[in-house]
2 protein chains.
Amino acid sequence: MKAETFKVACSSCNLRELCMPVGFDQKDMDKLDEVVTTRKKIKQGDMLFENGETFTSLYAIRTGFFKTSIASEDGREQVTGFQMAGEIIGLDGIVNDHHTCNAVALEDAEVCVMPFEHIEDLSREFPILQKHVHKIMSREIVRENGMMMLLGNMSAEERLANFLVNLIQRLYARGQSQSEFILRMSREEIGSYLGLKLETVSRTFSKYSEEGIIEVKQRHIKILKPDALKQLVKSPNCN
Amino acid sequence: MKAETFKVACSSCNLRELCMPVGFDQKDMDKLDEVVTTRKKIKQGDMLFENGETFTSLYAIRTGFFKTSIASEDGREQVTGFQMAGEIIGLDGIVNDHHTCNAVALEDAEVCVMPFEHIEDLSREFPILQKHVHKIMSREIVRENGMMMLLGNMSAEERLANFLVNLIQRLYARGQSQSEFILRMSREEIGSYLGLKLETVSRTFSKYSEEGIIEVKQRHIKILKPDALKQLVKSPNCN
DNA sequence: AAGTTTTTTTGATATACGTCAAAGATTACA
DNA sequence: TGTAATCTTTGACGTATATCAAAAAAACTT
């Protein structure tokens, strides 16, 4: 067995309720474990998959943090999402059997490899899993709708507030602090995601900081006035 | 039977290859017809479904033209897509059993109502349909990734060129002219979709017109230099 | 067909954000 | 431990697009 892969079970995974549907009995759960064939470790800066690569599997993030991005012909990068533990990446590859974006680990990470053929086979057997897969894809569509609102209609301040509120909510759901966290991405990557330049991101951080809304020490962020931040978010929240 | 609904069959529909998977024999095809329970007519300006409404069905557009949009708390509208014959709308509703966007007919339209329960039941029975549903959802995710690139990275000219090239490609796939068409939406709706104000859309049309790339007579557009337009599209195409 | 409303175009002006540049701060590396 | 490389901040200035406004054109209404 290679160093970076080894076998595991969802039934004993503490992230189960994030990746997997609820409502299974033990017998079904054993069957469900077949969805994940292996785990895979990805070093910071390495790619999990890239544009053009043949699509075989979805990946459930066990630990670590990813960004997904696409590039235009002339090389401009657009970050399309940041993903953390319990989230699923690779959905872009289903339609054409090839991935259309790059997934890069922003910190050392481990993912559960779920061959899509397995998922489809088991979905036909277990309606709960089928429904779950549909919901995951629909959730991503709704998230991206929210991003269109953000990119099409919102000011730099609203965009960054939205981004921060979304991050703390997701981190909080994973048992982390609501008020303090470390950004795993650079100002440039935040800017790319939000349709802003890195200087604008930096300036907006500084502005919030001057207003006492947050405290910024490089990538360490402390939320001082969560309500002020939430008030800046006047749009459908994009989880 | 109500005036606006009546029963029909996919097996005899000329849009079948757009909405439905290929590779079915006659026996299966009869079964597949069960996906669509009824058709429904929607008058121009009327809503097919709206934000907050309980989700029950996906809709395949038979005739007509739709826009989908979301609204922020303070009332700003973001158009999230324009849909034409053969395309499926309603995917946003799956994740929370409620729709999160509004779907409005931009011209008199007719849709095939496909209760999602039926789709799920039949998908378990027919892997080809299952795969098809997954591809439709993944295609929408990839399209929205492309929109993020457009909204986050592209100039007004690039956005409008992208929009026009995408439209003609889709219309051409439906047997219409590659060089001439009628816009079914206002400058404001185009602007909302592209993250621009209506004045900017109008000015950009005028600019293309002056450069001899297109001919604009209100909503009637003629493409004079398709290559010039395509050259303006330097980004992953968002179909 | 006249009048009202809506849509589109065009011009003048404003502004939010981008660009360019340089200095600090932090991290990586040898 | 020092040196290079990268990331972040801040300032000065530029520009693409927004805003405001008004006229022209088209689409409805009665």
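None of these values were measured; they are calculated from a predicted model. Chain naming here is simple, since letters A, B, ... match the order of the sequence lines and numbering starts at 1 in each.
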B:Phe49 meets the ring pair (Phe, Tyr, Trp, His ring centres under 6.0 Å) criterion, sequence neighbours left out, with B:Tyr59, B:His99
Which of A:Arg174, A:Lys67, A:Arg139, A:Arg143 passes salt bridge (Lys or Arg N to Asp or Glu O under 4.0 Å) with A:Glu87? Answer is A:Arg174
Looking only at heavy atoms, the pair that brings A:Ile168 and A:Gln178 closest together is CG2-O, 3.5 Å
Smallest heavy-atom separation, B:Leu150 atom then B:Arg159 atom, equals O-NE, 3.4 Å
Any B:Lys41 side-chain heavy atom under 4.5 Å of B:Val111 side chain
no
Per-nucleotide protein contact along nucleotides 9-20 of chain D, 5' to 3', at a 4.0 Å heavy-atom cut-off (B base, S sugar-phosphate only, - neither), is BBBB----SSBB
Under a plain distance cut-off of 3.5 Å, with no hydrogens placed, do A:Thr68 and A:Gln83 share a side-chain donor-acceptor pair? yes
- Ring centres of A:Phe82 and A:Phe66 under 6.0 Å apart? no
Outermost contacting nts on DNA chain C, any atom under 4.0 Å from chain B heavy atoms, listed 5' then 3', are C:dT7 to C:dA12
